[in-house]
Amino acid sequence: MVETQVTVVGGGIVGCAVADAVARRGLDVVLLEREPALARGTTSRNSEVAHGGMYYPPGTLKAHFCVTGRRLLKDFCAVAGVGYRECGKLIVAVEDAEIPALTDLLERGRENGVEDLELVDTTGVAGLEPEIRAVAALVSPRTGICDAEGVTRALADRAVEHGAQVLTGAPVMGLAPASDGWRVDVGSGDRREGWSHTSGWVVNAAGLFADRVAALADPDAGPRQILVKGNYFAVAPRHAGRVTHLVYPVPPADASSLGVHVCLDLAGQLRLGPDVERLPSDTAPEDVDYGVDPGRAAAFLAGGRRFLPWLAAEDLRPGTCGIRPKLDADGFRDFHVAPAAGLPPGLLHLCGMDSPGLTSAMAVGEHVAHLITAARAA
Ligand SMILES: Cc1cc2nc3c(=O)[nH]c(=O)nc-3n(C[C@H](O)[C@H](O)[C@H](O)COP(=O)(O)OP(=O)(O)OC[C@H]3O[C@@H](n4cnc5c(N)ncnc54)[C@H](O)[C@@H]3O)c2cc1C
């Protein structure tokens with residue numbers, strides 16, 4: 001049986017960042033992606049925001065990986081020639097009662113190490129975004145947007161330059177302890193037969209399927225993920241450029257999302273979203289309906305008009321959607337980045353990689369590479 005030092009399951013941004021970080025440390029890496037191309041999962045269905053890091057409780061993995069990951073992401077995009085724009089972000093209070101929430105976010109952000117945060121009043125908001133209605137805003141000038149699929153492909157390319165094998169159409173179907181690590185069973189794809197190999201380490205970065213992949217090794221253990229849909233509505237192209245920062249409301253008190261916000265793409269087009277649509281608890285990732293219900297438009301219009309007074313019903317069209325792999329439907333849950341409990345060493349699960357997973361990916365990659373190299377040296 002062929003052997004490798006590290007196998008990464010999943011070719012989204014997280015798996016590619018792990019493969020890149022591990023390959024750059026000189027280890028043999030095989031990345032296996034079940035789809036015919038990389039970045040077909042949640043990586044291609046999100047807001048593409050490189051978050052600042054002020055939302056997450058200090059001391060959590062999300063806070064740490066988001067702050068360090070954004071810096072790594074920005075630098076990598078510059079070096080790799082991938083689209084990235086530091087457009088900045090405003091979290092807006094539309095009434096005085098929301099201002100204390102901005103102050104809390106400012107303090108939390110500073111504690112998390114987010115740079116250059118500033119509170120501005122109505123005049124300050126008008127100076128930055130004349131078309132926004134708000135009584136105050138927390139400004140995060142370092143928040144940016146990126147080409148998420150471009151980043152993912154560039155990370156995979158750099159991993160390959162450092163000797164990694166990146167295989168698409170390669171679904172992992174089985175994981176079992178072996179004498180020197182883990183046996184990985186790979187199903188057949190369009191272009192090749194299935195095979196098995198042994199791997200000293202297996203990193204499960206399977207996104208929405210991460211709990212399924214964990215169950216291949218132990219059906220009774222591992223975290224269970226809950227799928228929560230986030231829908232977007234496109235704003236009419238004639239409004240492109242009317243808002244130049246990302247604009248978010250004060251987040252809902254239950255921390256279930258960041259609230260329906262204004263997203264920008266690199267071409268300056270606006271969209272609103274994502275909202276929070278709970279899917280039935282037995283929904284399997286492969287059964288998700290990726291359509292957006294036009295009936296949700298009224299809620300988007302109401303949410304958007306709180307700070308975009310000029311928004312009209314005819315400006316909104318159903319857009320894309322993405323699915324969050326959450327560990328809890330309500331409230332804050334941290335990323336789960338941990339060895340499989342109760343199993344032989346060498347199997348690492350990355351579960352609950354919802355937002356800010358895109359921003360955090362490169363920091364997660366560095367962390368995982370460090371865990372593996374430290375364990376091998378011990
Ligand atoms: C609506 C929405 C908005 C978001 N906005 C942001 C944002 O603005 N900023 C931010 O930082 N984060 C955001 N996120 C979160 C971010 O998109 C995710 O954290 C990130 O994309 C997760 O990447 P991933 O590589 O873990 O997962 P994925 O991109 O889903 O990749 C997992 C891969 O594993 C593959 N796979 C699954 N099973 C197997 C198997 N058995 N064998 C081989 N391959 C397998 C899948 O095909 C898939 O390609 C958002 C998420 C959503 C849903």
For P280, side-chain contact (heavy atoms from CB on, under 4.5 Å) partners two or more places apart: D282, T283
A302: side-chain contact (heavy atoms from CB on, under 4.5 Å) partners, not counting sequence neighbours: none
Identify the heavy atoms of [X] and [Y] that sit nearest to each other, and give their distance.
| X | Y | result |
| --- | --- | --- |
| R108 | M54 | CD-O, 3.3 Å |
| L246 | C263 | CD2-CA, 3.9 Å |
| A137 | V92 | CB-CG1, 4.0 Å |
| A205 | V14 | CB-CG1, 4.2 Å |
| A134 | V125 | CB-CG1, 4.1 Å |
| S199 | W201 | OG-O, 2.6 Å |

Under 3.5 Å: donor-acceptor pair, side chain of [X], backbone of [Y]:
| X | Y | result |
| --- | --- | --- |
| R317 | A234 | no |
| E33 | E35 | yes |
| D75 | L72 | no |
| D211 | Q225 | yes |
| R133 | P309 | no |
| T42 | G322 | no |
| D28 | T4 | no |

Tell me whether [X] shares a hydrophobic cluster with [Y], the cluster being built from Ile, Leu, Val, Met, Phe, Trp, Tyr side chains joined at under 4.5 Å.
| X | Y | value |
| --- | --- | --- |
| V292 | V288 | no |
| V67 | L358 | no |
| V262 | I132 | yes |
| W195 | V202 | yes |
| L73 | L266 | no |

Criterion side chain to side chain contact (heavy atoms under 4.5 Å, CB included) on L279 and V228, from CA distance to verdict: CA-CA 6 Å; L279 301 178; V228 179; over 6 Å; no
Kindly write out the residues that satisfy salt bridge (charged side-chain N to carboxylate O under 4.0 Å, His left out) with [X], not counting sequence neighbours, or none if the list is empty.
| X | answer |
| --- | --- |
| D180 | none |
| D275 | R296 |
| E107 | none |
| E98 | R306 |

With side chains defined as the heavy atoms from C-beta onward, is the minimum distance between [X] and [Y] less than 4.5 Å?
| X | Y | result |
| --- | --- | --- |
| P237 | Q269 | yes |
| R271 | T320 | yes |
| I91 | L102 | yes |
| C16 | L31 | yes |
| E277 | C321 | no |
| L308 | L272 | yes |
| V260 | P249 | no |
| P274 | N231 | no |

From CA spacing to verdict: side chain to side chain contact (heavy atoms under 4.5 Å, CB included), V184, L32: CA-CA 10 Å; V184 181; L32 303 169; 4.0 Å; yes
Stepwise side chain to side chain contact (heavy atoms under 4.5 Å, CB included) test for L155 and M362: CA-CA 9 Å; L155 285 166; M362 292 188 68; 4.0 Å; yes
Between [atom1] of [X] and [atom2] of [Y], what distance do you get to the nearest 0.5 Å?
| X | Y | atom1 | atom2 | result |
| --- | --- | --- | --- | --- |
| I13 | N46 | CD1 | CG | 8.0 Å |
| S140 | L106 | OG | CG | 10.5 Å |
| R183 | T198 | CZ | OG1 | 10.0 Å |
| H336 | L327 | NE2 | CG | 7.5 Å |
| L301 | E314 | CG | CD | 9.0 Å |
| D354 | F335 | CG | CZ | 6.5 Å |

Considering only distance and modelled atom types, tabulate donor-acceptor pairs under 3.5 Å from the side chains of residues 212-220, sequence neighbours left out.
| residue | atom | partner | partner atom | Å |
| --- | --- | --- | --- | --- |
| R212 | NH1 | E286 | OE2 | 3.4 |
| R212 | NH2 | E286 | OE1 | 3.2 |
| D218 | OD1 | D220 | N | 3.0 |

Steps toward side chain to side chain contact (heavy atoms under 4.5 Å, CB included) verdict (K74, E86): CA-CA 9 Å; K74 180 184 168 194; E86 208 165 64; 3.2 Å; yes
Table please: side-chain donor-acceptor pairs of residues 365-378 below 3.5 Å, with sequence neighbours left out.
| residue | atom | partner | partner atom | Å |
| --- | --- | --- | --- | --- |
| E366 | OE1 | R25 | NH1 | 3.2 |
| E366 | OE1 | R25 | NH2 | 2.8 |
| E366 | OE2 | R24 | NH2 | 2.8 |
| T373 | OG1 | A369 | O | 2.8 |
| T373 | OG1 | H370 | O | 3.2 |

List the atom pairs, with distances to 0.1 Å, where a side-chain N or O of residues 159-175 and a protein N or O form a donor-acceptor pair under 3.5 Å, not counting sequence neighbours.
| residue | atom | partner | partner atom | Å |
| --- | --- | --- | --- | --- |
| H162 | ND1 | R158 | O | 3.0 |
| T168 | OG1 | P36 | O | 3.3 |
| T168 | OG1 | R191 | NH2 | 3.2 |

Which pairs would a plain distance check flag for residues 116-123, meaning a side-chain donor or acceptor within less than 3.5 Å of a matching protein atom at least two apart in sequence or in another chain?
| residue | atom | partner | partner atom | Å |
| --- | --- | --- | --- | --- |
| D116 | OD2 | R142 | NE | 2.8 |
| D116 | OD2 | R142 | NH2 | 3.0 |
| D121 | OD1 | T123 | N | 3.2 |
| D121 | OD1 | G124 | N | 2.9 |
| T122 | OG1 | V135 | O | 3.1 |

T7 versus H197, side-chain donor and acceptor atoms under 3.5 Å: yes
Selection residues 42-61 - residue pairs positive for ring pair (Phe, Tyr, Trp, His ring centres under 6.0 Å), sequence neighbours left out: none
Ring pair (Phe, Tyr, Trp, His ring centres under 6.0 Å) contacts touching residues 277-321 (sequence neighbours left out): F233-F300, H239-W310
Salt bridge flag under 4.0 Å for residues R40 and E149: yes
